[in-house]
Amino acid sequence: MGAASALRLARAGAVVIIADMDLARADAVVDEIEQGGGTACAIQVDLLDDSSVASFVETVTSRYDQIDILFNNAGGPAPQGLDVDYARWERSMRLNVWAPTVLTQRLLPLLRASGKASIIYTASTSGLVASPSSPTYSAAKGAVVMLAKSVALLLAPEGIRANAICPGITETPMLSRFYGSEELTEDVQQRVDAYMSNVPLGRIAQPDEIAGTVLFLASDLSRYLTGAAIPVDGGLVAG
């Protein structure tokens, strides 16, 4: 979703900064953007490491005078069920909730300099309806939804918008991990098929379909939209 969104935003004319722990993958997306005539750079950052975050913010601040779009997309699966220790629970909360919080906080001066910045958070349908498979993940993404809404209210007087996207299951390399597996096993496929049977559009999302909503929220087409949590889920939570 991050790569697809970076490509979409670059094609629309944005100068893209890709922040990723995997610098090689980020550089590959930068190369694709540049081959298409866009402008981008990649900066390595570990969002679970405070010193790495501080270094990232310092680098961005030294290179740019303002940020018009902040897409807080980093996140990941959480432990299944309630059999979770504090260390794993805390890691999930730090990645899914603290990371977007601290980036919003530390990049706020550059967002304010824009005059019309848009902040976008990746939540999940699990932040809108309860997840029986991972209460921790649902709790984390529910927190992201309320973070976006609260930031929207806080910063609206300054002309800064904040919204959350709430994707359903999306076909990414991380898909199987949401079902507690490192591989797309037969059991995982059966669970994905069961999920799809509840999706009115009858399929899971493609990354570029999520990126389309990101582009909408980043652009002036949504300039009067703030504080929203938008399901991008094929109609899953409509009922």
> Where do Trp89 and Val84 come nearest, in terms of heavy atoms and distance?
Replying inline: N-CG2, 3.7 Å
>> Looking at Ser52, is its backbone amide N or carbonyl O close enough to the side chain of Asp49 to form a donor-acceptor pair, meaning the two atoms are under 3.5 Å apart?
In response: yes
>> How long is the straight-line distance from CZ of Arg223 back to OG of Ser118, given to the nearest 0.5 Å?
In response: 13.0 Å
> Side-chain heavy atoms under 4.5 angstrom apart, residues restricted to Ile, Leu, Val, Met, Phe, Trp, Tyr: same cluster for Ile210 and Val237?
Replying inline: no
> Side-chain heavy atoms under 4.5 angstrom apart, residues restricted to Ile, Leu, Val, Met, Phe, Trp, Tyr: same cluster for Phe216 and Tyr224?
Replying inline: no
>> Against Thr122, only a single residue in Asn96, Asn72, Asn73 fulfils side-chain hydrogen bond (donor to acceptor under 3.5 Å, both in side chains); can you say which?
In response: Asn73
> Any side-chain heavy atom of Pro231 within less than 4.5 Å of one from Leu236?
Replying inline: no
> Going only through I, L, V, M, F, W and Y residues with side-chain contacts under 4.5 Å, is there a path from Ile119 to Val15?
Replying inline: yes
>> What's the separation between atom CD1 in Ile204 and atom CD in Glu171, rounded to the nearest 0.5 Å?
In response: 4.5 Å
> Ala12 and Leu215: which non-hydrogen atoms are nearest, and at how many Å?
Replying inline: CB-CD1, 3.7 Å
> Honestly curious: do Val144 and Ile230 fall in one hydrophobic cluster under the side-chain, below-4.5 Å linking rule?
Replying inline: no
> For Ser131 and Ser133, does a side-chain donor sit closer than 3.5 Å to a side-chain acceptor?
Replying inline: yes
> Does the side chain of Val102 reach to within under 4.5 Å of the side chain of Leu47, using non-hydrogen atoms?
Replying inline: no
> Closest heavy-atom contact between Ser92 and Ala140?
Replying inline: OG-CB, 4.4 Å
>> Would you compute the distance between atom CG of Leu108 and atom CG of Leu103 and round it to the nearest 0.5 angstrom?
In response: 12.0 Å
>> What I'd like to find out is whether the side chain of Tyr121 reaches to under 4.5 Å of the side chain of Val145, using heavy atoms alone.
In response: no
>> To the nearest 0.5 Å, what is the distance between CD1 on Ile160 and OG1 on Thr226?
In response: 10.0 Å
> When rounded to the nearest 0.5 angstrom, what distance separates CZ in Arg25 from CD1 in Ile18?
Replying inline: 11.0 Å
> Do side-chain atoms of Ser197 reach the backbone of Ala194 as a donor and acceptor pair under 3.5 angstrom?
Replying inline: yes
>> Could you report the tightest heavy-atom contact between Pro167 and Met1, atom names first, then the distance?
In response: CG-SD, 4.0 Å
> Should Leu110 and Asp65 count as side-chain neighbours, where that means a heavy-atom distance under 4.5 Å?
Replying inline: no
> With a 4.5 Å heavy-atom cut-off, do Asn163 and Arg161 have their side chains touching?
Replying inline: yes
> Does Arg94 pair with Asp50 as a salt bridge, N-O distance under 4.0 Å?
Replying inline: yes
>> Strictly by side-chain hydrogen bond (donor to acceptor under 3.5 Å, both in side chains), give each pair with a member in residues 28-43 just once, sequence neighbours left out.
In response: none
> Does the side chain of Tyr137 come within less than 4.5 Å of Pro77's, by heavy atoms?
Replying inline: no
> Given Ile165 and Phe71, is the side-chain contact (heavy atoms from CB on, under 4.5 Å) satisfied, shown in steps?
Replying inline: CA-CA 10 Å; Ile165 58 169; Phe71 181 27; 4.2 Å; yes
> Got a donor-acceptor contact below 3.5 angstrom from the Ser124 side chain to the Lys141 backbone?
Replying inline: no
> Can you check whether Ser138's main-chain N or O pairs, donor with acceptor, with Ser126's side chain at less than 3.5 Å?
Replying inline: no
>> Looking at every heavy atom in both Ala6 and Ile33, which two are closest together, and how far apart are they?
In response: O-CD1, 3.8 Å
> Do the non-hydrogen side-chain atoms of Leu70 and Ile120 ever get within less than 4.5 Å of each other?
Replying inline: no
> Distance-only, no hydrogens or angles: does the Gln44 side chain make a donor-acceptor pair with backbone N or O of Met21 under 3.5 Å?
Replying inline: yes
> CG of Asp83: more than 12 outside heavy atoms within 6.0 angstrom?
Replying inline: no
>> Please check: side-chain N/O of Ser222 versus main-chain N/O of Ser219, any donor-acceptor pairing under 3.5 Å?
In response: yes
> How long is the span from the OG1 atom in Thr104 to the CG atom in Leu111, to the nearest 0.5 Å?
Replying inline: 7.5 Å
> Between the main-chain N or O of Leu147 and the side-chain N or O of Ser150, is there a donor-acceptor pair closer than 3.5 Å?
Replying inline: no
> Can you find a pair of side-chain heavy atoms, one from Thr170 and one from Gln206, that are under 4.5 Å apart?
Replying inline: no
> Does a side-chain N-to-carboxylate-O contact under 4.0 Å join Arg203 and Glu209?
Replying inline: yes
> Are side-chain N/O atoms of Asp233 and Thr125 paired as donor and acceptor at under 3.5 Å?
Replying inline: no
> Okay, side chain of Ser55, backbone of Ser51: is any donor-acceptor separation there less than 3.5 Å?
Replying inline: no
>> Under a 3.5 Å distance rule, please check whether Arg8 uses its side chain to pair with a backbone N or O of Ala211 as donor and acceptor.
In response: no
> Please walk me through it: do Val60 and Ile43 pass side-chain contact (heavy atoms from CB on, under 4.5 Å)?
Replying inline: CA-CA 9 Å; Val60 172; Ile43 303 174; 4.0 Å; yes
> Should Lys116 and Asp68 be marked as a salt bridge (charged side-chain N to carboxylate O under 4.0 Å, His left out) after you check the CA-CA gap, both sets of side-chain angles, and the distance that decides it?
Replying inline: CA-CA 7 Å; Lys116 59 171 187 177; Asp68 302 305; over 6 Å; no
> So, for Pro79 and Arg88, which heavy atoms are closest and what is the spacing to 0.1 Å?
Replying inline: CB-NH2, 3.4 Å
>> Could you see if Leu217 belongs to whatever hydrophobic cluster contains Ile17? Use Ile, Leu, Val, Met, Phe, Trp, Tyr and a side-chain cutoff under 4.5 Å.
In response: no
